[in-house]
*Asks:* 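My questions all concern the structure below.
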Amino acid sequence: MKSLRITNTITAIIFLLIIFSIFSYIMYNNQKQMLSADIDTFLYATSLSVADSINILLEENKIDVSEFNQRINQYFQRIIKSWISINGIEDPKLLNMLVQIYDRKGIIIATSRQGPKMIMKISPEEFKILASGTNYTGTFDIDTSNKKTLSLRYISIPVMNQNKKIVYIIRVALSLRTMTFSMYNLKIVLFILIPFTIILSGILGFFLTGFTLSPVNKIIVSINEITAINLKKRLNVSEYNDELKILASTFNDMIERLDNSFQSQKHLIENLYHELKTPLSIIRGEIEITLNKKRDADTYKNVLLSNIEEIDRITRILENLLLISRFESKLEVTDFGKVDIIKIVSEIAERFKIVCDPRSIILTMNSCPKAIIKGDEKQIKSMIVNLIDNAVKYNIDRGSINIFISSENGKITITIKNTGIGIPEETIDYIFDRYYRAIKSSGTKGAGLGLNIVKTVVDIHKGNITVRSVVNNWTEFEVVLPEA
Ligand SMILES: Nc1ncnc2c1ncn2[C@@H]1O[C@H](COP(=O)(O)OP(=O)(O)OP(=O)(O)O)[C@@H](O)[C@H]1O
Ligand SMILES: [Mg+2]
């Protein structure tokens with residue numbers, strides 16, 4: 001349980017970490033690009049406004065740009081100063097700005113700020129680009145007094161005459177300090193915010209999983225209380241929410257099945273003991289008495305015949321119990337093939353003669369020439385054995401058993417009719433139930449499994465079984481199976 005909580009939390013944390021990292025990376029770069037684009041636009045607009053101011057002042061002072069000479073250099077200084085004073089007072093951005101004018105050879109002639117560090121040379125490559133009439137943007141690092149470097153973003157625009165020659169160059173630069181600072185701030189915020197959010201979600205997830213799983217804990221405690229001897233206990237389904245309700249009721253169903261099979265196992269073992277005890281003690285008693293003194297051959301023969309009868313009974317009980325438990329646990333695999341009903345019935349009837357003879361029960365068999373069905377031979381045999389066994393067991397001495405096999409309309413009918421105690425009408429509905437024995441038959445031995453097996457086999461073979469009986473007179477079982 002704990003590991004599920006931890007695994008869940010760790011998975012969530014890793015997931016969040018990946019998502020946040022991608023998100024921060026995209027956001028940081030986007031922000032940086034946006035700010036850079038803003039700065040470039042601002043620089044360009046400013047440089048155009050400087051160019052405008054210069055034009056106006058040159059015109060006012062009637063200075064021809066083509067006669068550009070040392071004299072007008074002082075003008076530029078004034079021009080810049082006046083431009084700064086017009087624009088700069090209200091706009092704090094301009095305080096971080098540097099406006100410079102270079103002559104046609106790229107030598108500085110005027111600057112808005114003095115000082116050797118403020119001189120930025122125009123590189124030959126830049127000059128080449130400017131000479132072609134194109135603006136140039138770039139970044140420049142200068143060392144400041146406190147050993148820090150100051151990054152400047154700048155734009156240079158060439159002012160050309162009619163002959164497409166540079167007259168002078170305006171360069172406007174802006175310190176990137178504000179941008180660097182705001183990017184740094186963003187970085188800090190992301191670095192603090194992301195781990196904080198992840199840790200918080202982790203803690204929340206951990207407790208939430210615990211909270212969600214607590215009913216599972218409850219189920220575990222209840223399940224632990226259910227033991228092999230306490231299979232009657234069930235989980236209270238209404239206590240749980242939807243998903244766990246399904247789990248709890250599935251578990252209850254499982255316990256129900258377990259309980260049923262546990263009960264039937266118990267029943268089986270009790271029955272086995274009960275059923276085997278009698279025939280085994282009969283065999284033992286008979287052998288013991290016979291061994292007491294010397295007997296004649298007939299006595300030995302009779303005892304051994306009686307032993308065979310009991311042993312057959314034991315075998316039948318064991319076979320029935322095994323088959324029933326295989327049906328129950330769905331282990332029985334039905335192996336369909338062609339089954340010769342006449343052959344099987346006559347073989348089994350022959351075997352039962354040994355039980356019929358001592359009681360003078362007459363067993364007859366009438367059949368059509370051919371009766372083949374599609375079925376599992378082992379199961380069909382067990383069905384016939386159980387039906388004939390009942391016909392002998394619930395018969396009277398000097399009674400009769402008549403077996404008829406007929407084939408009609410693609411159906412094979414096996415009828416087993418016997419004289420005897422009969423089945424009271426009110427009990428007929430129950431004789432196929434497992435462990436059911438009619439009260440009248442309590443004098444005879446049996447587990448109440450035979451007819452249950454018969455019915456199961458008939459159902460597997462998609463057949464039909466009917467019973468007719470007159471109490472104290474006769475009973476007739478009729479099994480109809482589809483022909484092969
Ligand atoms: N041919 C029959 N004549 C009269 N009663 C019958 C006949 N066959 C079955 N019964 C009644 O139906 C009950 C159920 O039969 P079933 O074969 O299932 O059990 P059983 O014979 O008592 O035990 P088992 O077959 O397991 O040894 C019997 O106890 C008996 O009362
Ligand atoms: Mg029986």
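Every number for a ligand or one of its atoms is a count from 1 in the order of the listing. This chain uses plain numbering: 1 for the first residue, then up along the sequence. Please read these numbers as outputs of a predicted model, since none were measured by experiment.
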*Asks:* Suppose the criterion is ring pair (Phe, Tyr, Trp, His ring centres under 6.0 Å): which pairs have a residue in residues 339-364, not counting sequence neighbours?
*Replies:*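 Listed by first then second residue: nothing to list.
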
*Asks:* Looking only at side chains, do T419 and N395 share a donor and an acceptor under 3.5 Å apart?
*Replies:*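 On atom types as modelled, these side chains qualify, holding a pair under 3.5 Å.
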
*Asks:* Quick check: N320 and ligand 1, any N/O pair under 3.5 Å apart?
*Replies:*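 No; every N/O pair is 3.5 Å or more apart.
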
*Asks:* Polar-atom distance check: I423 versus ligand 1, any N or O pair below 3.5 Å?
*Replies:* no

*Asks:* Would you kindly say whether S156 and E126 are connected by a side-chain donor-acceptor distance under 3.5 Å?
*Replies:*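 Present: a donor and an acceptor within the cut-off.
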
*Asks:* Taking R295's backbone N and O only, do any of them form a donor-acceptor pair with T299's side chain (distance below 3.5 Å, no angle check)?
*Replies:* no

*Asks:* Taking atom types as modelled, is there a side-chain donor on N320 or N386 under 3.5 Å from an acceptor on the other?
*Replies:* yes

*Asks:* Of the listed options (N390, V471, N386), which comes nearest to atom 9 (C) of ligand 1 when hydrogens are ignored and any heavy atom counts?
*Replies:*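 The residue whose heavy atom sits nearest atom 9 (C) of ligand 1 is N390.
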
*Asks:* Which is closest to atom 26 (O) of ligand 1 in terms of heavy atoms, L449, N395, I431, I453?
*Replies:*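 Ranked by closest heavy atom to atom 26 (O) of ligand 1, first place is L449.
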
*Asks:* If you measure from atom 23 (O) of ligand 1 to every heavy atom of S469, G450, G448, which option wins on shortest distance?
*Replies:* G448

*Asks:* Does D389 reach ligand 1 with a nitrogen or oxygen that is under 3.5 Å from one of the ligand's nitrogen or oxygen atoms?
*Replies:*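 No, no N or O pair falls under 3.5 Å.
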
*Asks:* In this structure, which one of I314, T315, L322 forms a side chain to side chain contact (heavy atoms under 4.5 Å, CB included) with L318?
*Replies:* I314

*Asks:* Do any nitrogen or oxygen atoms of F477 come within less than 3.5 Å of a nitrogen or oxygen of ligand 1?
*Replies:*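 In fact, backbone or side chain, F477 has no N or O that close.
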
*Asks:* Pairs in or reaching into residues 444-470: which pass ring pair (Phe, Tyr, Trp, His ring centres under 6.0 Å), with residues at least two apart or in two chains?
*Replies:* F336-H461

*Asks:* Any nitrogen or oxygen of R437 lying under 3.5 Å from a nitrogen or oxygen in ligand 1? Just yes or no.
*Replies:* yes

*Asks:* Counting heavy atoms only, which part of V454 comes closer than 4.0 Å to ligand 1: side chain, backbone, both or neither?
*Replies:*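 Neither; nothing of V454 gets under 4.0 Å from ligand 1.
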
*Asks:* Under the 6.0 Å and 45° cation-pi test, does R153 pair with F140?
*Replies:* no

*Asks:* Assess, by modelled atom type and distance only, whether the side chains of D376 and T334 contain a donor and an acceptor separated by less than 3.5 Å.
*Replies:* no

*Asks:* Does the side chain of S151 come under 3.5 Å of the side chain of D141 through a donor N or O and an acceptor N or O?
*Replies:*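 Yes, side-chain donor-acceptor contact under 3.5 Å.
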
*Asks:* Run the ring pair (Phe, Tyr, Trp, His ring centres under 6.0 Å) test against F23 and tell me which residues pass, sequence neighbours left out.
*Replies:*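 With neighbours one apart ignored, the set is empty.
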
*Asks:* Just jot down the ligand 1 atoms closer than 4.0 angstrom to any heavy atom of Y436, in number order.
*Replies:*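 Ligand 1 atoms under the 4.0 Å threshold to Y436: 13 (C), 14 (C).
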
*Asks:* For ligand 1, note which part of K393 has a heavy atom under 4.0 Å away: side chain, backbone, both or neither.
*Replies:*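 Just the side chain.
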
*Asks:* Look at the side chain of R234 and the backbone N and O of D253, then say whether any donor-acceptor pair between them is shorter than 3.5 Å.
*Replies:* no

*Asks:* Taking only non-hydrogen atoms of G420, do any sit less than 4.0 angstrom from ligand 1?
*Replies:*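 G420: no contact with ligand 1 (<4.0 Å).
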
*Asks:* Are any of the N or O atoms of L451 closer than 3.5 Å to those of ligand 1?
*Replies:*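 By distance alone, the answer is yes.
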
*Asks:* So, with waters excluded, how many protein N/O/S atoms does the Mg ion (ligand 2) have closer than 2.8 Å?
*Replies:* 1

*Asks:* With no hydrogens and no angle check, just 3.5 Å: does a side-chain donor-acceptor pair link S214 and N217?
*Replies:*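 The answer is no; no qualifying pair exists.
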
*Asks:* Just heavy atoms, cut-off under 4.0 Å: does T475 contact ligand 1 by side chain, backbone, both, or neither?
*Replies:*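 Only the side chain of T475 comes within reach of ligand 1.
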
